[in-house]
Amino acid sequence: MAAPFRKQRSDFMAKTTVLTGITTTGTPHLGNYVGAIKPAIASSHASDVDSYYFLADYHALIKCHDPDVIQKSTLEIAATWLALGLDTTRSVFYRQSDIPEITELTWLLTCHTAKGLMNRAHAYKAAVQENVDAGEDPDFALAMGLFSYPILMAADILMFNAQQVPVGRDQVQHLEMTRDIAQRFNHHFGELFVLPEAVVDDNVAVLPGQDGRKMSKSYNNTIPIFLPEKKLRKSIMRIVTNSLEPGEPKDPDDSTLFAVYAAFANPEQRAGMREAYAGGIGWGDAKQKTFELINTELAPARERYQELMERPEDIEEVLVAGASKARAYATPFLQRVRHAIGIRPLD
Ligand code: TRP
């Protein structure tokens with residue numbers, strides 16, 4: 001039988017499938033914005049891509065056990081993407097938990113994923129190491145969800161045969177694992193899955209937070225995307241700098257503030273700011289310029305965001321529509337996978 005739901009070579013030549021997910025814990029911050037949301041939205045407008053963007057609420061359950069936080073964060077993230085201009089007519093925008101095929105595929109993959117592969121996951125290893133360092137049992141307070149996290153992520157990606165997955169550098173290992181899992185599955189059951197590639201933008205992938213470490217909720221150093229203007233300015237003023245005075249040359253490559261600026265700047269602006277650092281720009285000035293650059297980029301979307309947050313029912317509607325588009329692909333494709341591994345009708 002012809003395979004109507006399997007991507008054909010001609011489809012590949014015509015369009016690239018791009019997919020990424022955002023875990024719904026916490027309020028989206030500038031690190032999420034430059035690392036994932038911005039490139040994703042840009043590609044949602046390109047006509048040569050099929051894009052899939054989703055709210056990874058099942059991933060959120062691993063780290064967050066507060067139901068209200070999960071719900072609020074799902075709303076905030078959806079509103080953020082829509083406010084920033086995600087094109088939901090061209091792209092498929094959905095909530096992971098609305099696609100039961102993803103959890104089903106997760107189990108099918110789980111049965112063919114080496115435990116040893118999961119043992120090597122950075123996130124899991126770090127959690128074990130923390131326990132060991134604290135003199136606890138290595139598995140103290142660790143849920144299976146954390147251990148199996150990369151398999152759920154593989155299912156997210158393989159479900160739609162994504163070719164490119166824009167992610168932060170910390171997720172590259174998960175993409176390698178996804179390829180491993182897909183390869184093993186393909187080897188046993190035929191070429192079902194496309195092997196995806198991580199797409200990491202070297203200029204902006206890891207945005208530092210106010211303290212110079214990677215901007216991350218777990219370091220408590222984040223700057224939310226849609227802070228009111230005054231608060232945004234204050235947050236940027238709090239970015240760490242050294243004690244060099246105005247007039248003294250500064251090293252942009254050793255500056256958190258410059259890294260933040262660079263993440264929002266075009267190449268010319270970046271080069272200009274490099275010169276300003278070499279020429280001894282004062283930190284106060286450099287911060288003000290950084291604030292202005294970021295604020296100019298975000299101000300129009302900030303207003304749309306406020307409007308959207310007041311209409312959660314509209315957002316819900318967008319997500320339901322997105323889920324039905326996603327399932328139009330996922331349902332028949334999962335059927336093929338089930339068949340391939342022997343989950344079949346008996347006649
Ligand atoms: N694990 C990703 C993160 O923490 C989120 C995510 C879940 C994801 N599933 C995905 C990203 C699939 C890309 C593709 O950032």
Side-chain angles (χ1 to χ4, degrees), residues 16-41 43-44 49-64 70 73-74 77-78 80-81 86 91-99 101-103 105-106 109-110 113 118 121-124 126-127 143 145-182 193-201 204-207 214-219 222 225 322 326 329-330:
T16 305
T17 301
V18 176
L19 173 146
T20 199
I22 297 275
T23 307
T24 56
T25 44
T27 302
H29 56 70
L30 296 181
N32 304 138
Y33 174 69
V34 299
I37 307 177
K38 189 178 175 179
I41 288 179
S43 76
S44 82
V49 297
D50 271 332
S51 41
Y52 291 81
Y53 302 118
F54 69 96
L55 306 160
D57 53 350
Y58 279 146
H59 278 96
L61 295 180
I62 294 164
K63 307 179 204 164
C64 173
I70 300 273
S73 166
T74 304
I77 292 173
T80 298
W81 283 57
L86 180 74
S91 65
V92 187
F93 184 52
Y94 56 100
R95 179 169 42 198
Q96 185 183 33
S97 61
D98 285 339
I99 318 295
E101 289 81 1
I102 292 173
T103 30
L105 181 59
T106 301
L109 299 178
T110 298
T113 298
M118 295 300 99
H122 299 318
Y124 167 71
L146 176 72
F147 188 67
S148 306
Y149 179 115
I151 313 178
L152 177 58
M153 183 157 161
D156 289 331
I157 297 167
L158 301 177
M159 184 82 261
F160 299 100
N161 277 315
Q163 293 157 293
Q164 294 185 357
V165 183
V167 283
R169 193 166 296 289
D170 62 320
Q171 297 295 315
V172 168
Q173 188 196 30
H174 291 146
L175 264 293
E176 284 160 9
M177 291 176 156
T178 300
R179 293 170 62 92
D180 255 38
I181 292 169
F193 298 123
V194 167
L195 303 188
E197 277 171 23
V199 179
V200 179
D201 184 330
V204 299
V206 177
L207 188 77
K214 179 194 165 183
M215 188 177 287
S216 159
K217 205 169 77 82
S218 41
Y219 294 148
T222 64
I225 299 173
Y329 185 84

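Start at 1 and go down the list; that is how both ligands and their atoms are numbered.
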Are side-chain N/O atoms of [X] and [Y] paired as donor and acceptor at under 3.5 Å?
{"X": "Asn161", "Y": "Tyr329", "answer": "yes"}
{"X": "Thr23", "Y": "Thr25", "answer": "no"}
{"X": "Asp57", "Y": "Thr74", "answer": "no"}

Exercise. For ligand 1, what is the set of protein residues having any non-hydrogen atom at a distance below 4.0 Å?
Worked result: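 Within 4.0 Å of ligand 1, protein side: Leu19, Thr20, Gly21, Thr23, Phe54, Ala56, His59, Tyr149, Met153, Asp156, Ile157, Val165, Val167, Gln171.
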
Exercise. Are Tyr94 and Phe160 close enough that their ring centres sit under 6.0 Å apart?
Worked result: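 Tyr94 vs Phe160: aromatic centres under 6.0 Å.
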
Problem set entry | Ala40 backbone acceptor or donor facing Tyr53 side chain under 3.5 Å |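 Such a contact is found between Tyr53 side chain and Ala40 backbone.
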
Name the atoms and distances for all side-chain donor-acceptor pairs under 3.5 Å in residues 172-179, with sequence neighbours left out.
residue	atom	partner	partner atom	Å
Gln173	OE1	His122	N	2.8
Gln173	NE2	Arg120	O	2.8
His174	ND1	Gln171	OE1	2.8
Thr178	OG1	His174	O	2.8
Arg179	NH1	Pro196	O	2.9

